[in-house]
2 protein chains.
Amino acid sequence: MRKPVRIFEVAKEAGVSPGTVSKVLNGTQRMAAATEARVWKAVSKLGYQANLHAQILSTGRSRALGIVILDILNPHFTALVKGSGQVATERGYTVLLADAEENPKREQELIQSLRARTDGLILAGSRLTDQEIACLHSPEQPIVTVGRRIAGVPSVTVDEYTASLQLASYLVGLGCQRILYLAGPPFWVNQERERGYRNALEQAGLTPQVLSLTSPDLLGGEQASALLWTMQPFPDAVICYNDLAAIGLMASLKTLGVRVPQEVAVVAFGNHPLAAHLSPSLTHMEIPSRRLGELAVGLLVGLLEQPQEEPQPVIQYAVLRPRESSRIG
Amino acid sequence: MRKPVRIFEVAKEAGVSPGTVSKVLNGTQRMAAATEARVWKAVSKLGYQANLHAQILSTGRSRALGIVILDILNPHFTALVKGSGQVATERGYTVLLADAEENPKREQELIQSLRARTDGLILAGSRLTDQEIACLHSPEQPIVTVGRRIAGVPSVTVDEYTASLQLASYLVGLGCQRILYLAGPPFWVNQERERGYRNALEQAGLTPQVLSLTSPDLLGGEQASALLWTMQPFPDAVICYNDLAAIGLMASLKTLGVRVPQEVAVVAFGNHPLAAHLSPSLTHMEIPSRRLGELAVGLLVGLLEQPQEEPQPVIQYAVLRPRESSRIG
DNA sequence: CTGTTAGCGCTTTCAT
DNA sequence: ATGAAAGCGCTAACAG
């Protein structure tokens, strides 16, 4: 129906040139107060809305940020998004979000699509290789990774190694002897967590034992119970790669008649909103997901606006939240 | 660093004109096989990637869809997004997602931003007025609402009235006498649910009693327990606007020493992934969130590609999932 | 201070 | 079957 208004028509209405309208609207250059007033009036009278793509084509900047997350059903990533939105708005950027659905191929497509539409990208929980990510990063199209450290690529991460060391040590302190680690996918986060776990156990003179989750979610946790079931001797504590798996595991153990924490303690990494609402409530190393999102946007915007500076990796720390699932003795 | 390759350079490399390259790449017009081959070779040799904004500016279409959701922390909306991604990809569209954070002002801004970047929008859980939404909808920039029926605006909804009638009737059938409804925000979905509830109770000769949640989430549910506590007589069943509220409520009731379902049954609308994992597990009317997302994209793409047709409202149905939280007698 | 003009990179008639 | 050229709507450098 009604075609969108173009800058030319606003200029005519205000009796000035398109260039002038552009300058007034963008505050690029101050004009006589009277002129500005006429322009603004014309704009609101005609309901003018600049064509975004013409603007981007002309300026080369979109003032939009892309975030690609591993899985939108995982509360870690949604909390991260929540954090990013706030900061992006403050800094004058729009966030464009996409869900990779744990699929590297789909992730690549989404990255290409978002990259063309934004000034920079945040990759949270990427399943691409270090190489692929490093290739993507450039000063004009910067990438910030969350939960992954790659040489030459700015990142925001949690000190997962220390977090894991602490969590395992906590269980050791509780007197656990047979502590199992249910590992996640073989990327940076899991590597660090596994390393921390192994070190803690070795320091305590205990034998590490690692089993891999079929998937880092509810289902993976449920399926893990079958493996546990066959273990001789049965572990007295399980550290789960994430809270989703822990929740699935606890539900399955309940079905099997195994009592948590009396027969086996269950702990995890994460910050699931229901961790404190379950029964037993879930002990975890709380990952500051939301804060990671805030910091990632801050870092990315910094790169966009001060391209010269070499950014330092941003590192955050997890906090132990003891709850019922490890209330032993 | 390295400037992106332009179509002109590809043309030169292939010994043809830019127009020809464009036609070959878009399949707009068939060229001599030899020519096409040369073009493709040049493209891959130079790693040419068309400038998206120039393309959009020129064609007027972006092949992108926008989805604005009420709250990304709410599993209903994340499941919906999951559904949308699948279908959009099949139909050749990119989904751009934004989280309104339950804030109408922010929602308006996001809508404006996404509208400029996409061919059409899906509004899931909008907090705008019917008027505002109706104004946004146009054949060239269609809107599809999810969970809201507005005259003249294509929509995908659940028959919430019937769902609610069924849920309340189920409790009546269980012998409940004092059934409370914890209402959500005063938009379409809640109106329908409340209407269904009232009708069911009146048919059964019982007195409806409605209390409003402070917010439709965990916190709102927790806070509601304080109100419940003061009620004389105490209800024997509570229907919650959504599962998040129900979970918060159950956690608080546990703290207060009220037993579910023995002293009070708790049921809700929703499809929270943990509903079956809680103890007691949560009875709910299962809302097909994911399916709603799939259908919304289907509807929107249809509008985009067959602009002439007047679309019928799409209606889905909820399914009762009885679980422990209503296991009475 | 304001207008003119030349792009930004691609698509698409319209000729040839 | 292919090339030339005119936009798409805006910004920015340069004149005046």
Side-chain angles (χ1 to χ4, degrees), chain A residues 2-43 46-64 112-113 115-119 140-141, chain B residues 2-43 46-64 112-113 115-119 140-141:
Chain A
R2 45 165 218 275
K3 279 274 167 202
V5 186
R6 288 155 314 156
I7 199 170
F8 174 77
E9 319 183 33
V10 175
K12 206 162 67 176
E13 171 77 24
V16 296
S17 78
T20 301
V21 174
S22 170
K23 285 161 201 153
V24 171
L25 261 52
N26 300 309
T28 312
Q29 202 178 115
R30 291 231 49 97
M31 296 287 158
T35 308
E36 299 203 347
R38 285 212 316 286
V39 169
W40 286 116
K41 202 169 65 188
V43 164
L46 302 181
Y48 172 69
Q49 183 72 42
N51 179 309
L52 189 64
H53 299 288
Q55 231 166 346
I56 297 175
L57 182 58
S58 181
T59 61
R61 295 190 329 105
S62 67
R63 292 203 76 78
Q112 296 309 337
S113 174
R115 209 163 138 79
R117 300 171 201 271
T118 58
D119 295 338
E140 353 8 277
Q141 289 267 294
Chain B
R2 46 164 218 275
K3 279 274 165 202
V5 185
R6 288 156 312 158
I7 199 170
F8 173 77
E9 321 183 32
V10 176
K12 205 162 67 177
E13 172 77 24
V16 296
S17 78
T20 302
V21 175
S22 171
K23 285 161 200 154
V24 171
L25 262 52
N26 300 307
T28 313
Q29 200 177 116
R30 294 238 36 107
M31 296 288 157
T35 309
E36 298 203 347
R38 287 212 315 286
V39 169
W40 285 115
K41 203 170 62 188
V43 164
L46 302 180
Y48 172 70
Q49 182 71 42
N51 179 309
L52 188 64
H53 299 288
Q55 230 166 341
I56 297 175
L57 183 57
S58 183
T59 61
R61 297 193 326 109
S62 66
R63 291 203 76 80
Q112 295 309 337
S113 174
R115 207 163 139 79
R117 299 170 201 272
T118 58
D119 295 339
E140 348 14 274
Q141 289 268 293

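Throughout, protein chains are lettered first and strands after them, A, B, ... in sequence-line order, and every chain is numbered starting at 1. Scope of the values below: all heavy atoms of this structure, side chains included, with no hydrogens, waters or symmetry mates.
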Open item on the list: Tell me if a side-chain donor or acceptor on A/E36 pairs with a main-chain N or O of A/A33 at a distance below 3.5 Å.
Closed with: no

TODO: Report the C-alpha separation of A/V10 and A/E13 in whole Å, then their side-chain angles, then the decisive distance to 0.1 Å, and conclude whether the side chain to side chain contact (heavy atoms under 4.5 Å, CB included) test is met.
DONE: CA-CA 5 Å; A/V10 175; A/E13 171 77 24; 5.6 Å; no

Kindly list each side-chain donor-acceptor pair under 3.5 angstrom involving residues 18-28 of chain B, sequence neighbours excluded, with atom names and distances?
{"unit_1": "B/T20", "atom_1": "OG1", "unit_2": "B/S17", "atom_2": "OG", "d": "3.2"}
{"unit_1": "B/S22", "atom_1": "OG", "unit_2": "B/N26", "atom_2": "ND2", "d": "3.3"}
{"unit_1": "B/N26", "atom_1": "ND2", "unit_2": "B/S22", "atom_2": "O", "d": "2.9"}

Task: Trace of the salt bridge (charged side-chain N to carboxylate O under 4.0 Å, His left out) decision for A/E9 with A/R6 - done: CA-CA 6 Å; A/E9 319 183 33; A/R6 288 155 314 156; 3.1 Å; yes

Using whole Å, what does the distance between atom [atom2] of nucleotide [N] and atom [atom1] of [X] come to?
{"X": "A/Y48", "N": "D/dG9", "atom1": "OH", "atom2": "C1'", "result": "7 Å"}
{"X": "B/E9", "N": "C/dC8", "atom1": "CD", "atom2": "C1'", "result": "14 Å"}
{"X": "A/R6", "N": "D/dG7", "atom1": "CZ", "atom2": "C1'", "result": "11 Å"}
{"X": "A/L52", "N": "C/dC8", "atom1": "CG", "atom2": "P", "result": "20 Å"}
{"X": "A/F8", "N": "C/dT5", "atom1": "CZ", "atom2": "C1'", "result": "15 Å"}
{"X": "B/I7", "N": "C/dG9", "atom1": "CD1", "atom2": "C1'", "result": "8 Å"}
{"X": "B/R63", "N": "C/dC10", "atom1": "CZ", "atom2": "P", "result": "19 Å"}

TODO: Over all heavy atoms of both residues, which pair between A/A14 and A/R38 is shortest? Give the atoms and the distance, please.
DONE: O-NE, 3.0 Å

TODO: Measure across B/H53 and A/A116 and return the closest heavy-atom pair with its distance rounded to 0.1 Å.
DONE: NE2-O, 3.0 Å

Task: B/Q49, CD: over 12 other non-hydrogen atoms inside 6.0 angstrom - done: no

TODO: Please work out which residues in residues 55-62 of chain B have a non-hydrogen atom less than 4.0 Å from an atom of DNA chain C and list them by number.
DONE: B/Q55, B/S58, B/T59

Open item on the list: Is there a side-chain contact between B/R117 and A/R117 in this structure, where contact means two heavy atoms from C-beta onward sitting under 4.5 Å apart?
Closed with: no

TODO: List in numerical order all residues of residues 14-35 of chain B for which some heavy atom is under 4.0 Å away from an atom belonging to DNA chain D.
DONE: B/G15, B/V16, B/S17, B/T20, B/K23, B/Q29, B/M31, B/A32, B/T35

